[in-house]
Each structure stands twice: as structure tokens, then as C-alpha cells.
*Asks:* 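Once you've had a glance at the structure underneath, I'll fire off some questions.
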Amino acid sequence: MARLLIDEEACTGCEACVEECPYGALEMKGDVVSVNEKCTFCGACVDVCPVEALTLEKEEREVEGIDIKEYKDVWVFIEHKGGKIANVSLELLGEGRKLANSLGCELSGMLLGDGVEECAQEAIRYGADKVYLTESPILREYTTDAYTAGAVNLIKQYKPEIVIFGASTQGRDFAGTVATTLYTGLTADCTGLDIDPETKLLRQTRPAFGGNIMATILCQKHRPQMATVRPKVFAMPEKDDSRTGEIIREQVPIGEDEVRTKILDFLQVAETVNLVDAEIIVSGGRGMGGPDNFKIIRELANVLGAAVGASRAAVDAGWMPYEHQVGQTGRTVRPKIYIACGISGAIQHQAGMKTSDIIVAINKDREAPIFKIATYGIVGNLFEAVPMLTQEFKKRLGR
Amino acid sequence: MKIVACIKQVPDTTDVKINPETRTLVREGVESITNPFDEYAVEEALLTREKYGGEVHVITMGPPQAIEVLKNALAIGSDYVYLISDNAFAGSDTWATAYTIAHAIKKIGAVDLVICGKQAIDGDTAQVGPGVATQLGIPQLTYVSKVREIDPENKRIVVERMLEDGKEIVESCLPVLITVVKDINEPRLPSLLGIKKAAKTEIPTWTIEDLPVDKAKCGLEGSPTEVIRVFTPEPRGGGEILEGELTETIPLLIDQLMEAKVIK
Ligand SMILES: Cc1cc2nc3c(=O)[nH]c(=O)nc-3n(C[C@H](O)[C@H](O)[C@H](O)COP(=O)(O)OP(=O)(O)OC[C@H]3O[C@@H](n4cnc5c(N)ncnc54)[C@H](O)[C@@H]3O)c2cc1C
Ligand SMILES: Nc1ncnc2c1ncn2[C@@H]1O[C@H](COP(=O)(O)O)[C@@H](O)[C@H]1O
């Protein structure tokens with residue numbers, strides 16, 4: 001069992017660790033600090049203690065059946081739809097290249113599907129040295145069972161050191177199952193990846209508590225090291241049509257009757273641009289005053305080729321469907337430009353959009369919290385400002 | 001139908017503030033709440049029981065004070081609740097959490113439907129649901145926004161899943177694990193009578209000794225991942241308010257936005 005040890009002699013009672021602890025697990029007992037059962041052994045306190053009074057004691061344990069040295073190369077899961085690779089997978093090929101270069105190993109794509117060889121070629125053009133490809137009619141549509149079986153088979157056979165997935169609904173559905181099956185670590189929704197120069201381990205950095213704190217996570221003794229990464233965190237790499245690479249084919253090890261779920265239908269959402277892929281999002285909140293007023297948001301979005309978002313207040317009022325909700329209990333988005341109209345910027349809304357490159361806020365209340373994180377703020381009535389923006393953009397863009 | 005809902009106690013982020021000087025989370029006065037997505041999970045369990053009959057079991061894994069979220073689950077009408085709590089479980093990552101929860105569900109036995117929230121708002125991983133399903137060897141349906149129908153006789157379920165670009169209608173056999181999004185229902189509030197009854201109910205605690213787990217796979221040591229650093233992100237710069245009449249500020253704003261070369 002792990003323990004946090006406190007050297008009460010050394011502790012000066014400065015309380016630095018009490019403040020640092022994200023879980024509220026440290027309290028003062030008299031002049032010295034003590035730990036309660038909320039401790040998760042994250043070690044945040046250990047680093048912050050000026051007198052080294054805190055140590056984390058852990059039983060060292062060898063993991064049976066894993067020889068870490070057998071694992072090498074970086075793999076990227078190639079997600080695709082309608083014969084096209086998802087943008088996030090291409091972004092990951094770009095980042096995967098960097099990781100592979102710092103490790104001095106190869107970068108490979110892991111591709112599952114039916115009739116998707118063109119995607120394999122495309123992955124190579126975007127930087128993969130090899131693509132591990134499994135094709136079968138049962139992989140035509142994504143199901144957790146068939147894709148997990150295919151991926152686990154490839155990973156067990158070829159033993160990659162690192163496997164990264166896009167943090168899309170598919171990637172998150174699938175990576176969790178693969179990691180559990182393989183008994184290895186998985187870090188969700190990373191916003192930073194790099195290789196520790198000394199240990200050569202993958203350092204995975206991700207937000208927690210709605211983006212209020214960041215954590216860096218390692219997977220030391222299990223393989224592969226796995227992570228999901230949010231769309232748009234990494235830049236799209238250049239495509240090189242002259243690149244060639246090897247395609248390695250494997251069979252999917254299960255039959256159709258072993259796939260326990262069946263897709264019956266797919267209903268496309270009414271509004272075509274999806275929030276997670278959108279470069280630009282125009283969002284409306286309670287300040288819109290009613291469902292019909294979202295018309296001005298849509299008009300601006302149309303001119304910009306943007307997607308339409310909404311705050312929870314607007315969704316709960318029934319003005320916009322839940323699919324459009326941005327925030328902690330909605331979607332997390334990361335567009336290049338986020339335009340918030342009549343949204344106060346509550347912490348739960350911010351949790352879903354704070355990492356957008358540029359934030360524009362239009363609000364009549366100068367004190368609204370959204371202005372603290374907005375790159376550009378306009379204090380004013382949105383019913384004047386939004387149509388003006390639309391008109392002015394139309395003029396400039398010649399639309 | 002035997003239904004299990006998994007719920008987690010999390011800090012209420014409405015209260016989470018950052019100390020501007022030390023740039024750390026201010027914990028004082030932060031209430032603990034049921035993870036919002038898990039309220040939908042319990043509600044869906046209750047709705048399913050009301051429609052198809054059966055019993056609702058609710059489990060949480062966490063420190064002793066996590067019992068509060070179970071009291072709430074009892075107060076709104078859950079039949080059985082269990083606290084999974086032991087120092088040996090502390091520091092579990094998603095793998096070890098799923099492993100432990102799956103053993104608790106096995107102990108409940110003969111379950112038809114397991115319901116989790118889409119994700120917990122503290123860790124935001126959305127990994128425990130798929131992990132539990134895999135550990136139990138049952139299929140999973142994630143991001144469920146509607147349960148269309150359940151046929152308990154023939155052990156079938158049809159749901160709608162909310163994906164990025166639309167809704168997928170999927171069928172699965174039972175038992176199955178589903179993770180639910182906010183849109184799925186409207187959680188009920190506890191009645192006064194419910195609260196009183198819950199306060200009187202003895203809540204069982206399962207420790208590591210009560211579950212047939214491999215101890216090496218529990219808690220911090222059983223966790224493949226480890227946190228090596230926790231820090232507060234650089235605060236977002238910004239806060240530039242364009243001053244003046246809209247006739248001036250709007251063109252100025254557009255100049256700035258055009259520079260970003262995103263608008264085509
Ligand atoms: C557990 C939990 C989870 C949550 N999850 C989410 C989530 O995922 N997403 C989310 O968005 N919220 C979420 N919330 C709710 C959040 O706390 C806020 O209540 C919500 O974001 C407020 O939405 P709003 O900004 O549209 O409305 P308000 O806070 O009411 O703000 C409306 C704003 O519009 C401005 N305004 C009004 N009229 C005009 C006008 N004519 N011109 C210009 N400005 C105008 C006002 O000044 C005001 O600032 C959650 C809350 C909880 C407790
Ligand atoms: N400690 C826990 N106890 C019970 N259920 C949990 C626990 N952690 C996670 N869950 C369930 O798993 C879901 C996803 O959590 P997470 O993977 O942490 O985002 C939650 O919504 C809960 O339903």
C-alpha cells in the first residue's frame with residue numbers, strides 16, 4: 001500500500017502543501033501538517049515542500065509478463081469516415097513523427113476498416129513509415145467489439161511502445177477498452193506529449209478539474225503507453241505525395257457473431273458543421289433572449305463558415321438542442337476563433353472553450369467573467385453588434 | 001431487471017477558485033457533489049425500473065465521506081447502495097478503479113444493465129465506463145442520449161448514441177454497460193420522506209477483504225499510470241476590451257480577426 005510520509009520534525013508548518021493539494025487531503029494539526037483519506041498520492045505536495053518533509057512511499061512491483069524492452073515504435077490510430085482520415089489522426093501523425101524522432105524509432109499507423117487502403121497511403125503521405133492494416137467487412141462500421149479485437153491483435157503481435165488516439169467519441173470509446181484488455185495505462189484527453197530525455201518515457205500532460213489544474217502522467221511499467229489527444233491540439237503536418245511506406249496486413253481475429261452490438265441507423269444532425277471540428281464557432285447564451293433570435297447567430301456563422309454553439313442556459317431553456325452545448329456538461333471545443341454572444345462565461349462554460357485560440361466576447365455587462373478570458377471584448381448590445389459584424393464581414397469577404 | 005448505477009463524488013466546480021497569488025485551487029468551502037452525469041445515470045436506472053420492473057443498486061468507490069452521494073441516491077428511490085472504501089484503493093487510476101468496481105458489480109451478481117455517467121467532472125477521463133464493461137466482459141454503449149427500448153425477455157436494448165455529427169441508433173444484447181449524457185433525462189429531486197428514510201438506512205461498506213480482487217491490481221500500486229506533476233496552467237491572457245462606439249469597434253475587431261488567417 002502506498003503512503004504519504006510526513007517528517008514532523010522537518011515540517012515548518014508553512015502550509016505550502018496544504019494550498020497545493022488539489023484534493024483537500026492535507027490539514028494542519030497543531031504546528032505540523034497531516035494527511036487524511038482523500039489523498040490520491042499524486043505527489044503535488046512533495047514537490048512544493050521547501051524542506052523536503054514529505055515523501056511518497058510506494059511498493060516497487062514488477063509487472064508480470066511484460067518485458068518493456070520488447071516494445072518499440074510509435075503508433076497512431078487512424079480514424080476515418082467515408083474514406084477520409086479524421087483531422088485529429090493527421091494531427092497525431094505530425095506529433096507522432098516528433099515523438100518517433102526523439103526516440104529514434106519508426107512511426108506507424110494502425111488502420112482498421114473495409115476497403116481503406118487509400119487511407120493507408122494517405123497516412124504514409126502524412127508521415128507514417130508503415131501502416132498496420134486490418135480489413136474485413138465486420139470493420140466497415142465502427143463497433144467497439146470488432147475494433148478492439150483488431151487493435152489488440154495488432155498491438156500484441158507487433159508491440160508498439162506508444163499508441164495515441166484522437167479523443168473523439170470513437171477514440172475515447174475504443175482506447176479505454178483496448179487499454180483495459182491489455183492491462184496498460186491510458187491518459188485521456190492530453191493537451192501535451194513529449195519524451196523525457198533521460199528515461200525516454202512518454203510524458204502526458206492533461207487538464208483536470210475543468211481545466212483548472214494540469215497533471216503530467218507517466219506509464220512506467222506497462223506497455224504500450226497509451227493516450228488520447230484532443231482535436232486541434234497539434235498542428236496539421238505537411239503532406240508529402242512522394243513518400244512511400246510499407247503496409248502490413250493482418251486478419252481480424254473474431255467473427256461477425258462475436259460482435260455484440262449492431263448499428264441500426266444513423267441520423268445526421270440538422271446543422272452540418274460539427275462543433276468539434278469547427279475552426280470557428282459562434283455561440284449564444286441566455287442573452288439571446290429566445291430561440292428565434294438565434295437567427296442572427298446563424299447568419300454570422302454562415303458568413304464565416306462557422307458552427308453554432310450555445311451555453312447551457314440556452315440549451316436548458318429549450319432554445320437550442322443539447323448537441324450544441326459547450327462546456328463541462330456539453331462538448332469541449334478548441335476552435336481558432338470562438339465568438340461568445342450573450343454568454344456570461346461561468347466556469348463550467350469556460351471549461352469547454354477556454355483553450356480556443358482567440359475568444360471574442362460580446363456582452364452588455366462589462367463585469368461579465370467572459371471578458372477576463374476574452375482576447376477581444378465588446379461591451380454592448382448583441383442585437384446591434386452581431387448583425388453589424390455579419391454585415392461588415394459580408395462586405396470584407398465579398399459575400 | 002437488475003440495474004447498477006455507478007456514481008462518483010466530486011468537488012463542485014462552481015465553487016472551485018484559483019488563488020491568484022499561489023495559483024493553486026482554493027479548496028476551502030468547496031462542497032462535494034454527485035458527479036452531474038451520474039445523476040442522470042441514477043435517474044435512468046430509476047426510470048428503467050419504473051418501466052420494466054426490477055431493482056436499482058448504486059455503488060460508489062471513494063473515501064468514507066463519499067457515503068453522502070449514496071444517501072442522496074437512496075433518498076430519490078434507489079433500492080440498495082454500497083460504499084466501496086479502503087485505504088488500499090486510494091490512488092487508483094482509471095484501470096484500477098474499473099477493476100475494483102467490476103468486482104463489486106460481480107458481487108452484486110446477475111446484473112442486466114450497468115449505467116455510468118459519460119465522464120466525471122474532476123478527472124474528465126470517460127474511461128471508467130469502458131473499463132468496467134471490459135472487466136465484466138460485457139458490451140458497452142457510450143454517450144447514450146436516449147434508451148429507445150429494452151426487451152428484458154429477449155435480452156435486447158436499443159439506444160441512441162450522441163456522436164460528433166449525429167445520432168447513432170444501436171442495438172445490443174443484455175447485460176450491457178451504458179454511459180449517459182446530460183440530455184437523456186431530467187433527474188428528480190429527493191422528497192423529505194426520502195431524505196429521512198435515507199438517513200436511517202444502514203449503508204454497507206465493502207473493503208478490499210470483501211471483494212475477490214488481486215490486491216496487486218488495486219490502488220496506487222495496481223495503477224499503470226502515475227501522476228508525476230500537478231500544476232496550474234498559465235492563466236489565459238487577454239481581457240482587452242475594445243473601447244468606443246460599435247461603428248468603430250466592429251471594424252477594428254474584424255481587422256484583428258482577419259489577421260489570424262482563419263476566416264476564408
Ligand atoms: C454541474 C454544472 C454543470 C454545468 N455545465 C455547463 C456547461 O456545460 N455549459 C454551460 O454553458 N454552462 C454550464 N453550467 C451552467 C453555468 O454555471 C451557467 O449557469 C451558464 O453557463 C450560464 O449561461 P449564460 O452565460 O448563457 O447565461 P447567463 O449567465 O444568464 O448570462 C447571460 C449573459 O448575457 C448578457 N446579455 C443579456 N442580454 C444581452 C444583450 N442584449 N446584449 C449583450 N449581452 C447580453 C448578460 O449580461 C449576461 O452576462 C453548468 C452548471 C453546473 C452547476
Ligand atoms: N470512484 C468511482 N465510483 C463509482 N463510479 C465511478 C467512479 N469513478 C468513475 N465512476 C463512473 O465512471 C464514469 C466515468 O468516470 P471517469 O472515467 O472518471 O470520467 C462516472 O460518470 C461514474 O459513473
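Computation of the quantities below employed the complete heavy-atom set of this structure, encompassing side-chain atoms and omitting hydrogens, waters and symmetry-equivalent molecules. Letters A, B, ... mirror the listed sequences (proteins, then strands); counts begin at 1.
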*Asks:* Write down the atom of A/Ala44, the atom of B/Val230, and the distance for their closest heavy-atom approach.
*Replies:*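 For A/Ala44 versus B/Val230, the nearest heavy atoms are CB-CB, 3.8 Å.
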
*Asks:* Looking only at heavy atoms, which two atoms of A/Phe41 and B/Ala90 are closest? And how far apart?
*Replies:*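 Minimum heavy-atom separation between A/Phe41 and B/Ala90: CE1-CB, 3.6 Å.
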
*Asks:* Nearest 0.5 Å, please: how far is CG in A/Asp145 from OG in B/Ser172?
*Replies:*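 Atom-to-atom, B/Ser172:OG and A/Asp145:CG are 8.0 Å apart.
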
*Asks:* Using a strict threshold of under 4.0 Å (side-chain N to carboxylate O), is an ion pair present between A/Lys221 and B/Glu221?
*Replies:*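 Not counted as a salt bridge, because no side-chain N and carboxylate O are separated by less than 4.0 Å.
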
*Asks:* Please look at A/Lys372 and chain B and tell me whether the side chain, the backbone, both or neither of the residue comes under 4.5 angstrom of a heavy atom of that chain.
*Replies:*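 Looking at A/Lys372, just its backbone touches chain B.
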
*Asks:* Which bit of A/Ile359 comes within less than 4.5 Å of chain B, counting heavy atoms only: side chain, backbone, both or neither?
*Replies:*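 For A/Ile359, heavy atoms of backbone and side chain both lie under 4.5 Å from chain B.
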
*Asks:* I'd like to know which of A/Arg366, A/Gln204, A/Glu384 tops the heavy-atom pair count under 4.5 Å against chain B.
*Replies:*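 The residue among A/Arg366, A/Gln204, A/Glu384 with the greatest pair count is A/Arg366.
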
*Asks:* Rounded at 0.5 Å granularity, tell me how far CD in B/Gln127 sits from CG in A/Asp173.
*Replies:*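 B/Gln127 atom CD to A/Asp173 atom CG measures 11.5 Å (nearest 0.5 Å).
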
*Asks:* Is there a side-chain contact between A/Phe393 and B/Ile263, using heavy atoms and a 4.5 Å cut-off?
*Replies:*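 Heavy-atom side-chain distance check passes, below 4.5 Å.
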
*Asks:* Atom NE2 of A/His222 and atom CH2 of B/Trp95: how far apart are they, to the nearest 0.5 Å?
*Replies:*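 Taking NE2 in A/His222 and CH2 in B/Trp95, the distance rounds to 8.0 Å.
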
*Asks:* Chain B heavy atoms under 4.5 Å from A/Arg396: which part of the residue, side chain, backbone, both or neither?
*Replies:*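 Side chain only.
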
*Asks:* Let's test your reading of the structure: which of A/Asp47, A/Val276, A/Ile337 forms the most heavy-atom pairs below 4.5 Å with chain B?
*Replies:*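 Ranked by contacts with chain B, first place is A/Ile337.
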
*Asks:* Do B/Ile250 and A/Ile378 have side chains that get closer than 4.5 Å, going by heavy atoms?
*Replies:*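 Of all side-chain heavy-atom pairs linking A/Ile378 with B/Ile250, at least one is under 4.5 Å.
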
*Asks:* Let me know if A/Leu397 has heavy atoms under 4.5 Å from chain B in its side chain, its backbone, both or neither.
*Replies:*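 A/Leu397 touches chain B through side-chain heavy atoms alone.
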
*Asks:* Tell me, side chain or backbone of A/Cys42 under 4.5 Å from chain B's heavy atoms, or both, or neither?
*Replies:*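 Both parts, backbone and side chain.
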
*Asks:* For the residue pair B/Pro130 and A/Arg172, what are the closest heavy atoms and their distance?
*Replies:*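 Minimum heavy-atom separation between B/Pro130 and A/Arg172: CG-O, 4.4 Å.
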
*Asks:* Measure the CG-CD1 distance between B/Asp93 and A/Ile217 for me, rounded to the nearest 0.5 Å.
*Replies:*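 One finds 8.5 Å between CG of B/Asp93 and CD1 of A/Ile217.
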
*Asks:* Please flag which part of B/Pro36 lies under 4.5 Å from any non-hydrogen atom of chain A: side chain, backbone, both or neither.
*Replies:*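 Contact with chain A is through the side chain of B/Pro36 alone.
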
*Asks:* From A/Thr169 OG1 over to B/Leu163 CG, what is the distance, rounded to the nearest 0.5 angstrom?
*Replies:*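 A/Thr169 atom OG1 to B/Leu163 atom CG measures 4.5 Å (nearest 0.5 Å).
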
*Asks:* I'd like to verify something: which residue of B/Ile169, B/Thr94, B/Val227 has the highest number of heavy-atom pairs under 4.5 Å with chain A?
*Replies:*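 Winner by heavy-atom pair count: B/Ile169.
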
*Asks:* For the pair B/Gln140 and A/Thr177, evaluate side chain to side chain donor-acceptor pair (under 3.5 Å) and give the outcome as yes or no after the intermediate values.
*Replies:* CA-CA 9 Å; B/Gln140 73 197 37; A/Thr177 308; 3.1 Å; yes

*Asks:* With no hydrogens and no angle check, do the side chains of B/Lys167 and A/Gln268 hold a donor and an acceptor under 3.5 Å apart?
*Replies:*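 Their side chains do not contain a donor-acceptor pair, so the 3.5 Å distance test is not met.
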
*Asks:* Kindly give the heavy-atom pair with the smallest separation between A/Arg312 and B/Lys182, and that separation in Å.
*Replies:*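 Minimum heavy-atom separation between A/Arg312 and B/Lys182: NE-CE, 3.5 Å.
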
*Asks:* Shorter than 4.5 Å, heavy atoms on both sides: which option in B/Asp255, B/Leu252, B/Thr249 has the most such pairs with chain A?
*Replies:*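 If we count pairs closer than 4.5 Å to chain A, B/Asp255 comes out on top.
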
*Asks:* Hey, which of B/Thr142, B/Asp124, B/Asp183 has the most heavy atom pairs under 4.5 Å with chain A?
*Replies:*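 Highest number of heavy-atom pairs under 4.5 Å: B/Asp183.
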
*Asks:* If we define contacts as heavy-atom pairs under 4.5 Å, which of B/Arg229, B/Glu164, B/Glu168 has the most with chain A?
*Replies:*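 Ranked by contacts with chain A, first place is B/Glu164.
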
*Asks:* For each of A/Leu304, A/Thr184, A/Asp189, A/Val259, tally heavy-atom pairs with chain B at distances under 4.5 Å, and name the one with the top tally.
*Replies:*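 Max contact count across the listed options: A/Thr184.
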
*Asks:* Between B/Leu242, B/Ile254, B/Thr125, B/Val262, which shows the greatest number of heavy-atom pairs under 4.5 Å with chain A?
*Replies:*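 Highest number of heavy-atom pairs under 4.5 Å: B/Ile254.
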
*Asks:* Among A/Gly176, A/Ala346, A/Ala215, A/Ala175, who wins on heavy-atom pairs under 4.5 Å with chain B?
*Replies:*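 Maximum pair count with chain B is reached by A/Ala215.
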
*Asks:* When you compare the side chain of A/Tyr183 with that of B/Pro224, does any pair of heavy atoms fall below 4.5 Å?
*Replies:*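 Touching, per the 4.5 Å side-chain cut-off.
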
*Asks:* Specify which of B/Glu226, B/Gln256, B/Met258 makes the most heavy-atom pairs with chain A at under 4.5 Å.
*Replies:*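 The candidate making the most pairs under 4.5 Å is B/Glu226.
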
*Asks:* How long is the span from the CG atom in B/Leu253 to the CE atom in A/Met388, to the nearest 0.5 Å?
*Replies:*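 B/Leu253 CG to A/Met388 CE: 11.0 Å, rounded to 0.5 Å.
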
*Asks:* Counting only heavy atoms closer than 4.5 Å, note whether A/Val315 contacts chain B via side chain, backbone, both or neither.
*Replies:*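 Contact with chain B: side chain only.
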
*Asks:* With a 3.5 Å distance limit and no angle check, can you tell me whether B/Gln65 reaches the backbone of A/Lys38 through a side-chain donor-acceptor pair?
*Replies:*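 Here the side-chain-to-backbone pair does not exist.
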
*Asks:* Which one of A/Ala16, A/Ala188, A/Gly185, A/Gly330 has the most heavy-atom pairs closer than 4.5 Å to chain B?
*Replies:*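 Most heavy-atom pairs under 4.5 Å with chain B: A/Ala188.
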
*Asks:* Side chains of A/Glu37 and B/Asn87: donor-acceptor distance under 3.5 Å anywhere?
*Replies:*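 Short answer, no.
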
*Asks:* Among the options A/Leu218, A/Thr261, A/Thr40, A/Thr375, pick out the one with the most heavy-atom pairs lying under 4.5 Å from chain B.
*Replies:*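 The option with the most such pairs is A/Leu218.
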
*Asks:* Considering all heavy atoms of both residues, which atom of A/Thr216 and which atom of B/Phe231 are nearest to each other, and what is their separation?
*Replies:*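 Here A/Thr216 and B/Phe231 meet closest at OG1-CE2, 3.6 Å.
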
*Asks:* Are more than 12 heavy atoms from other residues, nucleotides or ligands located less than 6.0 Å from atom CD of B/Glu186?
*Replies:*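 At most 12 heavy atoms, drawn from other residues, nucleotides or ligands, come within 6.0 Å of this atom.
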
*Asks:* Identify the two heavy atoms, one from B/Thr225 and one from A/Leu186, that lie closest to each other, and give their separation to 0.1 Å.
*Replies:*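 Answer, listing the atom of B/Thr225 first, then A/Leu186: CG2-N, 3.7 Å.
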
